[in-house]
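Right, one structure below, let's go through it.
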Amino acid sequence: MKIKVNQETCIGCGACAAVAEDIFELQDSGLSHAKVNEVPEDKVEVVKEAIDVCPTGAIEEDK
Ligand code: SF4
């Protein structure tokens with residue numbers, strides 16, 4: 001599973017980083033980005049949770 005944070009729709013609420021701190025972090029811009037492109041197998045569930053809690057649907061699967 002590959003992911004990316006859409007910088008156009010992220011509002012920097014920090015919910016994704018709260019749920020999956022190993023994967024997401026807020027940048028100096030105030031917006032979130034994924035620290036990894038390829039999600040490790042043992043983090044897939046928590047990333048799916050982050051996708052669910054993101055209020056703007058900014059976390060996208062990267063094909
Ligand atoms: S939960 Fe969504 S809107 Fe909030 S910081 Fe993360 S990617 Fe951005």
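Counting starts at 1 for both ligands and their atoms, in listed order. Because only heavy atoms are used, hydrogens play no part in the values below, and waters and symmetry mates are left out as well, while side chains stay in.
Of the possible donor and acceptor atoms, one in the side chain of Glu38 sits under 3.5 Å from a partner among the backbone N and O of Met1.
Atom CD of Glu21 is surrounded by 12 or fewer heavy atoms from other residues, nucleotides or ligands within 6.0 Å.
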List the atom pairs, donor and acceptor, that lie under 3.5 Å between side-chain atoms in residues 46-62 and the rest of the protein, sequence neighbours left out.
from	atom 1	to	atom 2	distance (Å)
Thr56	OG1	Thr9	O	3.0
Glu60	OE2	Asn6	ND2	3.0
Asp62	OD2	Asn37	ND2	3.3

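The two atoms that bring Val5 and Ala34 nearest to each other are CG2-N, 4.0 Å, heavy atoms only.
Excluding waters, the protein N/O/S atoms found under 2.8 Å from atom 8 (Fe) of ligand 1 are Cys10 SG.
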Let me see the working for Val19 and Phe24 under side-chain contact (heavy atoms from CB on, under 4.5 Å), right down to the final yes or no. CA-CA 9 Å; Val19 169; Phe24 302 99; over 6 Å; no

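Ion pairing between a basic and an acidic side chain is recognised when a charged N comes within 4.0 Å of a carboxylate O; Lys43 and Asp22 show such pairing.
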